[in-house]
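What follows is one structure encoded as structure tokens, with my remarks underneath.
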Amino acid sequence: MVGAMKELGAELRRGESLAKLTSLGIGGTTDLLLAHEHRHLPQLIRLLKSEGIAYRFLGGGSNLLVDDGELPWVMLQLAAPKDEVRLEGNFAYVDAAADLGRTVTFCAKNNLGGMEGLVGVPGTVGGALRMNAGAYGTQIGSHVRQVSLYRAAQGEVVTLRGEEICFDYRHTSFAPDDIMLAVKLELPSKLYAEILQGIRICNEKRRASQPLGQKSAGCIFKNPPGASAGRMIDELGLKGFHVGDAYVSERHANFFINRGRASCADMLALIERVRERVRAAQGVELEEEVVVWRR
Ligand code: EPU
């Protein structure tokens with residue numbers, strides 16, 4: 001089995017800690033299968049299935065809350081190739097495993113803008129695509145012209161045109177077990193200095209309002225239509241509220257922080273308590289933005 005994986009260009013890392021692979025710093029242990037050759041992904045998945053091994057696909061781990069203890073799935077992850085971004089006119093062909101911030105910066109240096117607000121959003125391009133990540137007026141979906149993905153239901157690689165994909169606020173029409181492989185983005189031409197200025201403005205806003213450098217998954221809840229979940233939680237005086245080491249950030253109330261050794265159970269309890277308080281006070285049901293993997 002391990003030999004077959006190696007032949008398919010994959011590397012098996014035993015006993016990896018999800019706490020080290022996620023931005024929240026929470027999660028138990030399991031084996032990680034790192035796929036270096038994307039073209040072999042369908043065969044790798046077939047191999048796992050034939051051995052009865054359950055898998056979960058791990059992107060950048062930045063919008064994810066994973067259960068504690070020994071996990072029942074192998075983590076499958078794509079390694080970013082060296083030539084992760086290729087430019088052709090106003091199009092950027094980007095590998096899904098590429099880091100989002102690095103991609104935006106690379107495009108900017110080549111005078112392609114439009115994604116300035118996304119620079120401080122952690123995670124991979126594939127992860128951003130799946131949830132239509134957005135910030136400061138930019139959503140990645142508006143630049144997507146083509147996506148190639150592995151569709152588990154069909155067991156094959158599929159290429160979709162931008163118009164075939166629905167991108168809404170923090171939501172897309174991709175199937176839950178689709179694995180993003182690559183994307184073609186169309187970006188407007190701009191001067192590097194102009195793009196850089198846009199990036200600086202967004203970064204300043206982010207630094208002033210978000211708890212950067214702390215262990216979080218970004219915003220925990222989606223914003224309800226026409227409202228800000230952060231403001232609603234803040235108005236209830238819940239900044240600093242905590243369950244164990246899982247805290248509502250003092251800086252932005254929709255960021256929940258792992259201040260040390262928070263468990264998944266602590267974070268889930270905090271999410272539920274805050275949701276209950278908002279429901280009771282404002283009659284609004286907050287929906288999680290963070291993806292939760294429970295055993
Ligand atoms: N506010 C408060 N208290 C707080 C947080 C916010 O009063 O604790 C107020 C702010 O003062 C502001 C309003 O609420 O008047 C909106 O706050 P902010 O500008 O921070 O935006 P947000 O709606 O809370 C959204 C996204 C962020 C994104 C920012 C900037 C969601 C759930 N969040 O936050 O995305 O970075 O706008 O565009 O859509 C993420 O998705 O993980 C994320 C961080």
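In each ligand, atom 1 is the first atom listed, and ligand 1 is the first ligand listed.
- Contact check on D31 versus R14 returns a salt bridge, with a Lys/Arg side-chain nitrogen under 4.0 Å from an Asp/Glu carboxylate oxygen.
- In this structure, K184 satisfies the cation-pi test against F91, with its NZ or CZ atom closer than 6.0 Å to the six-membered ring centre and inside 45 degrees of the ring normal.
- One finds no salt bridge joining E276 and R279 here, because no Lys/Arg side-chain nitrogen approaches an Asp/Glu carboxylate oxygen to under 4.0 Å.
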Report each N/O pair between ligand 1 and the protein that falls under 3.5 Å, naming both atoms.
from: ligand 1; atom 1: 3 (N); to: D234; atom 2: OD2; distance (Å): 2.8
from: ligand 1; atom 1: 8 (O); to: K239; atom 2: NZ; distance (Å): 3.4
from: ligand 1; atom 1: 8 (O); to: A253; atom 2: N; distance (Å): 2.8
from: ligand 1; atom 1: 14 (O); to: S228; atom 2: OG; distance (Å): 3.3
from: ligand 1; atom 1: 15 (O); to: R231; atom 2: NH2; distance (Å): 2.7
from: ligand 1; atom 1: 20 (O); to: H252; atom 2: NE2; distance (Å): 3.0
from: ligand 1; atom 1: 23 (O); to: N223; atom 2: ND2; distance (Å): 2.7
from: ligand 1; atom 1: 24 (O); to: H252; atom 2: NE2; distance (Å): 2.9
from: ligand 1; atom 1: 35 (O); to: R170; atom 2: NH2; distance (Å): 3.0
from: ligand 1; atom 1: 36 (O); to: Q210; atom 2: NE2; distance (Å): 3.0
from: ligand 1; atom 1: 38 (O); to: Y136; atom 2: N; distance (Å): 2.7
from: ligand 1; atom 1: 39 (O); to: Y169; atom 2: OH; distance (Å): 2.7
from: ligand 1; atom 1: 39 (O); to: R170; atom 2: NH2; distance (Å): 3.2
from: ligand 1; atom 1: 41 (O); to: R170; atom 2: NE; distance (Å): 3.1
from: ligand 1; atom 1: 41 (O); to: R170; atom 2: NH2; distance (Å): 2.8
from: ligand 1; atom 1: 41 (O); to: E289; atom 2: OE1; distance (Å): 3.2
from: ligand 1; atom 1: 41 (O); to: E289; atom 2: OE2; distance (Å): 2.8
from: ligand 1; atom 1: 42 (O); to: C219; atom 2: N; distance (Å): 2.8
from: ligand 1; atom 1: 42 (O); to: E289; atom 2: OE2; distance (Å): 3.1

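- Of the residues listed (R251, K239, R277), the one engaging D234 in a salt bridge (Lys or Arg N to Asp or Glu O under 4.0 Å) is K239, and it is the only one.
- Classification of E116 and R200 as a salt-bridged pair fails, no side-chain N sitting under 4.0 Å from a carboxylate O.
- Every residue meeting the side chain to side chain donor-acceptor pair (under 3.5 Å) condition with E288, not counting sequence neighbours, appears here in chain and number order: R275.
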